[in-house]
Amino acid sequence: MKVHNTLATQTTRRVFATGAISVVAALALSACGGSASTAPSSEATKQDLKAAGAGTITMWVDAERSPALKDITEKFKSDTGIEVKLVVKDFAAVRDDFITQVPTGQGPDLIVGPHDWIGKFVQNGVIAPVELGDKASQFQDSSIKAMTYNGAVYGVPYAIENIALLRNSSIVDSKASTLDEVVANGKKAVAEGKATFPFLVGMDPKQGDPYHLYPLQSSMGSQVFGKNADGGYDAKQLLIGDAAGVEFARKLAAWGDAGEKIINSNITGDIAKEKFLAGESPYFLTGPWNVPDVQKKGIKFAVDELPTAGGEAAQPFIGVNGFFISAKSANALATNEFVTNYLTSESAQDSMYTAGGRPPALKASFEKAASDPVVEAFGKIGATGVPMPAIPEMSAVWADWGATELAIIKGQGDPAEAWTKMAASIKSKIGG
Amino acid sequence: MPEPDLHELPASPASTTPVQPPRGAPHQKAPHQMAPHQKAPHQKAARRKIGNVRGGPDSIKGTILKIVLLGVVDAFAVYVLMMLFLSQSWAALAVSSLVVLAINWFYLRGGGLPAKYLAPGVLFLLVFQVLVVFFSGYIAFTNYGDGHNSTKEDAIAAIQLTAQKRVPDSPTYKAAVLTKGDTFYLLFTDPSGKAQIGSTEAPLTDVSGAGKDATGKANSLPGYETLKFQEIVANQQEILKITVPVSENPADGTLRTADGSTAYQFKPALSYDAATDTFTDSETGTAYRDNGKGAFADADGETLATGWKIDVGMENFARAFTDPSLRGPLLGVILWTFTFSVASVALTFAMGLFLATTFNREDLRGKKVYRILMILPYAFPAFLSGLVWSGILNPEFGWLNQTLLGGANIGWLTDPVLAKISVLVVNVWLGFPYMFLVCTGALQSLPTEIDEAARMDGASPWRVFRSIKLPLLLVSVAPLLISSFAFNFNNFNVIYMLTGGGPRFADTDRDIGATDILITLVYKVAFGQGTGRDYGLASALAIIIFIIVATISAISFKQTKALEDVN
């Protein structure tokens, strides 16, 4: 009995091995044919898909978005016979894995991620540009702008993400347009005993939080990088240390721990959320990711546009999520077909919205999603935003920027001096 | 397969349970459990017969198992070897072939019993330890990191790929892929409906008589064969390579397709000349040459985005000690790393020993409950505890300040000195249960007679502890203290989750702070934010850490031997 079984498995193994060898031989042959560049005869064109190594497209995606792609991948398979394999990866590690694995040929054909990865990807030579042609005009301008790097579009966007001001409308019932008004309303609510904190914004106690504070900074006319001729960020024009930036640093100290305590360095993102959910503050500067919990808690809230601190428009950073194609995809043509003709479709963008809840990048899908007032409000605010810089130099900015803001909020040292020193330090790191 | 050597069978690792049939693999059911229609009786008889001859009842199964396992290994090996051959990795192919030959030789020949047992272990040791160590050692001598990620060929290909820019305001062409003879052609339809055909060699020419589909896209031409999508995909590498010159003037660019159905007019912003190994900017004429540091640079030192990995010799080690932003903090970090690891070992050991002695009293009631409570912190994952403590120590909302200190605003994690103390205290909280366990075990194994004899002689409990118990205890515990030192020297979790290394030093523009130990510094250099990841420098620092820890451990172990001699 036993002997029989083993023999059987051995036989199948042998069959399998022979099969494997023939597949590999076919691969080798087709590769040889490829390098000869004149080989494709009619026999070659009738090649089986699998023999050319083109049976599947591999895509790295996070667990949340994976189910949203099922429909479109099934449609692609029924249209073309090519399977899109969705490999669920841990979002925290996926960017670095992609960078290290693509050069070895082990990487996927496609990856899902935010646009500010592009700089690192291009620096490491792991992604290929995507030509959207006329389809580009069907997307929100800001999303295409975010995906553009060095004058070429590198990804197909599907969602735009930015922060807005949540207001507990049972504490403060009307919209404020400037930060001073917001602060005054908040303080009034505290004085009347309706709230404990006039204003909430989460702060990483170790790194600060420049992302959340950026609208306030930009409303005072301070930007991080200047732009070059084709509209992309230019690392050589570091603007963060200019007079407007120093002015913002002074304001930050005045709002901070040693001043009005509007921005509190001890309030982490979690604490801020907890306090807002407990109804202890009328205002919470945050993104759409905290909205479901606020709704669940039954808090009456409104999504207000970002208040200006210095008179100029308060521009939040927008993060655009999209699909990127590997530079070493063995299946580049099929992948391009899937990305440019399937993932740009309304149904694909709709289902990504249903899964993620972020305003879709495709205009047609956004219009549908905007029937939800929260999405509409976030989308409207996002339209005024600026893409988070994707240039690799940005990673040198974050750490110094955050730490300096944190120190200023804590009231350590002279804000103007700290800010200028920060700008010099960033400049020395990026060699500008 | 050669004839199995019968005498060797029971010893082969493939049949590890020949002596005790009932403890064999679950599928090897005892004969009486087999269904009657099976050939059990026959097999049973045969087995008994063989068993008598060889002294092991499972020998035939062992042989087969061995052959099957070896077959699986070899099948896998053949697959791997073929892949290595195809990817032309000759060195890896040679090593793998030798390993496969060695394995087959070990298990198929008679004799050489120790080799059969040692081979898998040695193989795994080589693959998972030695190779990894050597590889990270090798990385320390390269510039591997962001922007220097792969080979020069890859970098050139990537630059060429990203240099392709669509010609501004150029139209979108619909495209179909056709073949004639051995050549692929692209059939374009421009927005006005005009059809043109071309290939890399054949310039773009107008055609008439093209068949069109419902959308007005030309998709067939007499004398040519139109490819279906499946055929296009099967030949995609060829089709992606087609570049059709738009006109005689190369500056007008070429038509290419990325998806087989649309084509655009592209023009490279940079062109590569393999003969001179130079990229030239097609607009400004600037030449970018290999600058010897793994990147293409122009005369002003401006580099192209994508570089490649090269060997840099001792540069990373030199940088660790000469880079001004690293040199200053490095000394402070090394000193703190020593302080942290020595203090952690000393404090956890002192606390663990004290508690172990206390709870070792015979007459203590509820000992078990206390012991379980003591061990609880040990059951928490360290990185989680770090985060929890980080919340507890929040200056304004933390439980410590709010509840215990009546709302005091003490920056436990934000003041450099307090942060160091906090890190130590949390680490003691995390680490004492281990020492408690170790010391309890060691104390219980001490002979009680010595204790009694000393007391009979009138020694005080303290004297007994200091002169008798502690020295005896140290003999068994000292090696664990050394390993605990080595562990704390690299205790990443506590530092990273509690303070993230902060508060930051003011005298460096790197993200290094008062509680950073060497390993968190390495992590920040390798993966953290800054000007990009630098695996080369991180590996060099890791090697330095290894040398420090190894030296100290070697010295300490020598001291421990002396300790044993005293006793």
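Computed from a prediction, not measured in an experiment: that's the story for all the values here.
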*Go through the atoms of B/Ile159 and report whether side chain, backbone, both or neither lie under 4.5 Å from a heavy atom of chain A.*
neither
_Which one wins on heavy-atom pair count under 4.5 Å against chain A: B/Gly500, B/Pro395, B/Ala158?_
B/Pro395
*Check the angle between the aromatic planes of A/Tyr149 and A/Tyr154 and answer parallel, tilted or perpendicular using the 30° and 60° thresholds.*
perpendicular
*So, the side chain of B/Thr257 versus the backbone of B/Thr262: is there a donor-acceptor pair under 3.5 Å, distance only?*
yes
_Any side-chain to backbone donor/acceptor pair from B/Thr306 onto A/Val122? Under 3.5 Å, distance only._
yes
*Toward chain A, the part of B/Glu201 with a non-hydrogen atom under 4.5 Å*: neither
*asked:* With a 3.5 Å distance limit and no angle check, can you tell me whether A/Ser425 reaches the backbone of A/Lys421 through a side-chain donor-acceptor pair?
replied: no
_Under 4.5 Å from any heavy atom of chain B, what part of A/Ser329 do you find: side chain, backbone, both or neither?_
backbone
*Are the side chains of A/Asn264 and B/Glu396 in touch, meaning some heavy atoms are under 4.5 Å apart?*
yes
*Counting only heavy atoms closer than 4.5 Å, note whether B/Thr499 contacts chain A via side chain, backbone, both or neither.*
backbone
*With a 4.5 Å limit on heavy-atom distance, are the side chains of A/Leu406 and A/Gln207 in contact?*
no
_For A/Phe76 and A/Ile57: C-alpha separation, side-chain torsions, deciding distance, then whether side chain to side chain contact (heavy atoms under 4.5 Å, CB included) applies._
CA-CA 11 Å; A/Phe76 187 63; A/Ile57 293 173; 3.7 Å; yes
*Quick one: what part of B/Thr162 sits under 4.5 Å from any heavy atom of chain A, side chain, backbone, both or neither?*
both
_Need one label for A/Leu132: side chain, backbone, both or neither, based on atoms under 4.5 Å from any heavy atom in chain B._
backbone
*What residue, out of B/Lys228, B/Gln164, B/Lys165, B/Gln237, has the most heavy-atom pairs lying under 4.5 Å from chain A?*
B/Lys165
*Kindly indicate whether the side chain of B/Phe296, heavy atoms from C-beta on, has any atom under 4.5 Å from the side chain of B/Lys152.*
yes
*Measure distances from A/Lys135 to the heavy atoms of chain B and classify the residue's part below 4.5 Å as side chain, backbone, both or neither.*
neither
*Between B/Ile232, B/Thr414, B/Asp154, B/Leu413, which residue shows the highest count of heavy-atom pairs closer than 4.5 Å to chain A?*
B/Asp154
*Select, from A/Val339, A/Val102, A/Thr335, A/Ile271, the one with the greatest count of heavy-atom pairs under 4.5 Å involving chain B.*
A/Ile271
*Give, as side chain, backbone, both or neither, the part of A/Asp257 having an atom under 4.5 angstrom from any heavy atom of chain B.*
neither
*Can you say whether A/Phe338 sits under 4.5 Å from chain B via the side chain, the backbone, both, or neither, judging by heavy atoms?*
neither
*Interface moiety of A/Asp96 toward chain B, non-hydrogen atoms closer than 4.5 Å*: both
*Residue selection (most heavy-atom pairs with chain A, distance under 4.5 Å) from B/Ala258, B/Gly501, B/Gly513*: B/Ala258
*A/Ile325 versus chain B, heavy atoms under 4.5 Å apart: side chain, backbone, both or neither?*
neither
*asked:* Are the side chains of B/Phe184 and B/Ser199 in contact, using a 4.5 Å heavy-atom criterion?
replied: no
*Quick one: what part of B/Ile156 sits under 4.5 Å from any heavy atom of chain A, side chain, backbone, both or neither?*
neither
*Are any non-hydrogen side-chain atoms of B/Thr172 and B/Tyr264 less than 4.5 angstrom apart?*
yes
*Using non-hydrogen atoms only, which part of B/Tyr144 is less than 4.5 Å away from chain A: side chain, backbone, both, or neither?*
side chain
_Side-chain donor/acceptor of B/Asn235 to backbone N/O of B/Glu238, under 3.5 Å_ = no
_Please classify the contact of A/Val126 with chain B as side chain, backbone, both or neither, using a heavy-atom distance under 4.5 Å._
side chain
*Just by modelled atom types, is the B/Asp516 backbone N or O under 3.5 Å from a matching donor or acceptor in the B/Thr520 side chain?*
no
*Between A/Ile99 and chain B, which part of the residue has a heavy atom less than 4.5 Å away: side chain, backbone, both or neither?*
both
